[in-house]
Undergrad: 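Attaching a single structure in structure tokens format; questions to follow.
Predicted, not measured: the structure shown is a model, and the values here were computed from it. Keep in mind that the numbers below use all heavy atoms, side chains included, and drop hydrogens, waters and symmetry copies. Within every chain, numbering begins at 1; the chains are lettered A, B, ... in the order of the sequence lines, protein sequences first and strands thereafter.
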Amino acid sequence: MLLQLTADQDQLRQSLRVLFDRQAGWERSRSLENDVDRPLLSSMQQAGFLDVASTEGGTLLDAVLVVEEAEAACARAPVAARALVAARLLDSAPLVVGLVDTDPCALTRYAGLCDAYLVLDSGGASYAEAAQVDVTPEPSRWGYPLGRVRVRRAARLGSGTGGRLLAAWQVALAAEMGAAMRRAVDLTATYVTHRTQFGRPIGSYQAVSHALSEAKVATEGTIWMARRAAADPDDTILAAAAATYAADAAGLIVQRTHQVTGAIGITREYGLVASTMRLGVLRSELGGPRRHAIGLAELRWPQP
Amino acid sequence: MNFEWTAEEQAFREAVRDAIARYGSPEWGPRDFELTTPELAETCRAFCRALAKEGLLTPNWPKEYGGRDASPWEQLILSEEMHGAFEPRGPQYMNVNWIGPAIMAYGTPRQKELHLPLIANGDVFWCQGFSEPDAGSDLSAMRTAAVRDGDTYVVNGQKIWTSYAHAADYCFLLARTDPTAEARRGISALLVPMDSAGIEVRTIPNIAGAHVIHEVFFRDVHVDASCLLGAENDGWALVLNSLANERIGIARFERSARALDAAVANARQAGRPFGPCEKELAGRALAYNEVARVLNYAAVQERISAGEGPRPAASISRVATVTAIRRTAETSLELLGQPALVDPEADEQLATATTVAIAAGSYEMQLNNVARLSLNLPKG
Ligand SMILES: Cc1cc2nc3c(=O)[nH]c(=O)nc-3n(C[C@H](O)[C@H](O)[C@H](O)COP(=O)(O)OP(=O)(O)OC[C@H]3O[C@@H](n4cnc5c(N)ncnc54)[C@H](O)[C@@H]3O)c2cc1C
């Protein structure tokens, strides 16, 4: 057990930051409103970041680090779907991959903007090219292009891949949520340190600091649990636990960070919404915390 | 970064499980290691001595002090297995976790020579004399005084909530040695034999399961000056480090996770429903326990890396543990119904759900630590 970044992982993180400083960020993300940042994904691919999990010596944990940095930089691209989920299921994948839950209530991120889709239904996992699906866009204010995807034809990926797709998707969600939470909490900690009311920084009031400290604990819990689950990708219980906790925690983070930021928090300009709106989508994906929790219980305590 | 146990660590876990199977009893339960009777205290001591003989009591200690120089992760594994099995080390978990390390870090050669073998051999029980009636969360408000008189300190004052004081051989006592200094200065640590004249221990009846807590009165207790640990008046850094170690030294998440498994099994056996509502509750509780576990691991890594530096992860881990235990307790009650109140494991979780948020620094104090040390928020 070593819960610190190795020198290689630290190097990976530094390189990602250099790239994202140049080619990502909230401003750029906003300007792409209903689009996907293909140039960013191309740069990531060229640098090998999208394939860290499948390159020699790489692991899914490295892919989690890529996802963490991408989400922290508000990358407007399905990085986790490609670098983490597709890496677990496909030998090679196109640049832009979408994840489709065939539940009739489900919305798909980047629907209509992807080259291909990984599809989860009760029969398992399958793969559909863009031309094999119908997409109905659902314009929204939730931080991602969203839409409904109806799969006309898809290639089955073989037995056992349904569970693998679900688990990888859950780990990806937890990693994305953890990073979005960290960004929201860090931004808020800075804000309450500088914002003064009644002659004191509001972060010095315990009602504010305790609300944010609980958010910090939930954030760290989400991040570490996602990493732990990624490190043991065959353990479907860990993946379901990571998603259950993350989806619960995300609700708390949204409430707490907005509450202690006051009105400025809801403005587009300020930037908190870049993460909190996304958390609304992420925490409700795959049926939300309730469905993750029920699935987790069924894995842990199967019917005797 | 990796989350794998080495082959050596896995072998160690097996060895600990094997020792529990050989020296333990399937009859042992959550109430057996609070040293409530002399017989139970002896069972506990005998168990620790047996562990010591097999090198399983202080594995991560340096060789010179009776350990094997094993990885600090072995201490965590030990705690997981012991706490999961109702902690048959009784209060000796404290010895391994923070009392011994404090003596190693701050002790004189003579103190090390006296105390470390006693601990490493499993011979000795300690108690922790920190809290006072007017110094709980605000520990630095303590007033118990130790006045230097030649080669002794004369101690007067009162400690409270002292776990295991009735059976302890020594007290790790904090006392004020300079009444004129600012609150956090002027505090010293003394390693006090509990059979010293002038110490009176009174049990405080309480609802914390079988856990026994006490008032300890010190009336003109003469303590040899050689019992001073570290520099006089400079005990606060030692306190902070010891408290951080204390916070992560009990693998409570392991007990909580096992209690959750037991609640599900018992509920099913009793023919209670286990449908979507119950699964949702149990699944959430499991997720919170696994998060408490991984945050505890992160805090152990921090202990390894931070040295004497600040330890925010210890408080983060503690907050998550409180939340997880509360989830387990509530879920047990939901799954089992009122029989939870008379089921030893569920009942223990219900008791712990209350006490864990108070002992070793309350939940709110942990949040203060997170605010200051992790979020760098300004002080009020
Ligand atoms: C089971 C158990 C075993 C224990 N064993 C030991 C032991 O072996 N040795 C030992 O020394 N002590 C022991 N303790 C004592 C423990 O360390 C104290 O109870 C703890 O530090 C809290 O102090 P208090 O009980 O005086 O509560 P108080 O400090 O009076 O606090 C009461 C409540 O007020 C809140 N509060 C206080 N100040 C603030 C503030 N500034 N901001 C916000 N909230 C605040 C607290 O969080 C708490 O919720 C034990 C306690 C328990 C429950």
Side-chain angles (χ1 to χ4, degrees), chain A residues 1-6 9 59 61 65 185-186 188-190 192-193 200-201 203-206 208-214 216-218 220-222 224-225 227-232 237-238 240-246 248-249 289-301 303-304, chain B residues 1-6 9 71 73 76 260-261 264-265 268 274-295 297-302 304-305 312-313 315-320 323 363-364 366-372 374-380:
Chain A
M1 184 99 40
L2 173 74
L3 301 191
Q4 283 175 323
L5 297 186
T6 61
Q9 287 168 335
T59 65
L61 195 50
L65 297 179
V185 168
D186 286 352
T188 309
T190 306
V192 302
T193 303
R200 277 165 56 183
S204 69
Y205 295 110
Q206 223 175 44
V208 172
S209 72
H210 281 191
L212 206 54
S213 295
E214 285 183 328
K216 178 67 180 173
V217 172
E220 291 298 308
T222 301
W224 280 107
M225 195 63 202
R227 291 172 175 176
R228 178 172 168 223
D232 195 354
I237 290 182
L238 285 183
T244 303
Y245 184 85
D248 250 12
R290 187 163 187 273
R291 212 165 90 192
H292 292 304
I294 292 172
L296 170 59
E298 286 170 350
L299 288 169
R300 172 73 190 188
W301 302 287
Q303 203 58 44
Chain B
M1 184 180 296
N2 80 69
F3 289 79
E4 273 166 39
W5 301 114
T6 62
E9 286 160 354
S71 105
W73 296 105
L76 170 79
L260 185 64
D261 282 338
V264 172
R268 272 182 165 159
F274 195 61
C277 292
E278 292 78 14
K279 286 177 186 172
E280 181 192 347
L281 278 173
R284 275 198 160 103
L286 173 57
Y288 280 71
N289 273 298
E290 288 309 314
V291 164
R293 183 189 302 275
V294 75
L295 288 176
Y297 292 0
V300 169
Q301 180 70 58
E302 176 187 76
I304 296 167
S305 321
S315 289
I316 288 175
S317 157
R318 185 71 177 196
V319 170
T323 312
Y363 184 82
E364 289 75 15
Q366 308 308 326
L367 292 181
N368 283 352
N369 287 346
V370 177
R372 306 267 151 67
S374 185
L375 293 170
N376 296 316
L377 298 189
K379 260 189 151 165

Undergrad: Counting heavy-atom pairs under 4.5 Å to chain A, which of B:Phe274, B:Trp73, B:Tyr363, B:Tyr297 comes out on top?
TA: B:Trp73
Undergrad: Relative to chain B, which of A:Asp186, A:Leu61, A:Thr190 shows the most heavy atom pairs under 4.5 Å?
TA: A:Leu61
Undergrad: Would you mind telling me which of B:Ala265, B:Ala298, B:Ala285 has the largest number of heavy-atom pairs within less than 4.5 Å of chain A?
TA: B:Ala298
Undergrad: Name the region of A:Tyr245, side chain, backbone, both or neither, that has any atom closer than 4.5 Å to a heavy atom of chain B.
TA: both
Undergrad: Do you know which two heavy atoms are closest between B:Pro378 and A:Pro201, and how far apart they sit?
TA: CG-CB, 3.7 Å
Undergrad: Considering non-hydrogen atoms only, spot the tightest contact between A:Ser213 and B:Leu367 and give its length.
TA: OG-O, 3.1 Å
Undergrad: At their closest point, which heavy atom of B:Ala282 faces which heavy atom of B:Leu260, and how far apart are they?
TA: O-CD2, 3.8 Å
Undergrad: Against chain A, label B:Asn289 side chain, backbone, both or neither, depending on which of its atoms sit under 4.5 Å from a heavy atom there.
TA: neither
Undergrad: Picking from A:Met225, A:Gln303, A:Arg228, which has the most non-hydrogen pairs under 4.5 angstrom with chain B?
TA: A:Arg228
Undergrad: Check whether B:Asn368 gets within reach of chain A through its side chain, its backbone, both or neither, counting any heavy atom under 4.5 Å.
TA: both
Undergrad: Given side chains that start at C-beta, do those of A:Val192 and B:Leu375 come closer than 4.5 Å, heavy atoms only?
TA: no
Undergrad: Contact between B:Gln301 and A:Leu2 at the side-chain level, heavy atoms closer than 4.5 Å - yes or no?
TA: yes
Undergrad: Would you find a donor on one side and an acceptor on the other, under 3.5 Å apart, between the side chain of A:Glu220 and the backbone of B:Ile316?
TA: no
Undergrad: Is chain B contacted by the side chain of A:Arg227, its backbone, both, or neither, given a heavy-atom distance below 4.5 Å?
TA: both
Undergrad: Between B:Glu302 and B:Ala313, is there a donor-acceptor pair closer than 3.5 Å when you use the side chain of the first and the backbone of the second?
TA: yes
Undergrad: Side chain, backbone, both or neither: which part of B:Glu4 has an atom under 4.5 Å from a heavy atom of chain A?
TA: backbone
Undergrad: Given 3.5 Å as the limit, does a donor-acceptor pair link the side chain of B:Glu278 with the main chain of B:Gly275, or not?
TA: yes
Undergrad: Could you tell me which portion of B:Arg372 (side chain, backbone, both or neither) has an atom closer than 4.5 angstrom to a non-hydrogen atom of chain A?
TA: neither
Undergrad: If you tally heavy-atom pairs under 4.5 Å against chain A, which of B:Thr323, B:Val291, B:Val370, B:Val319 wins?
TA: B:Val291
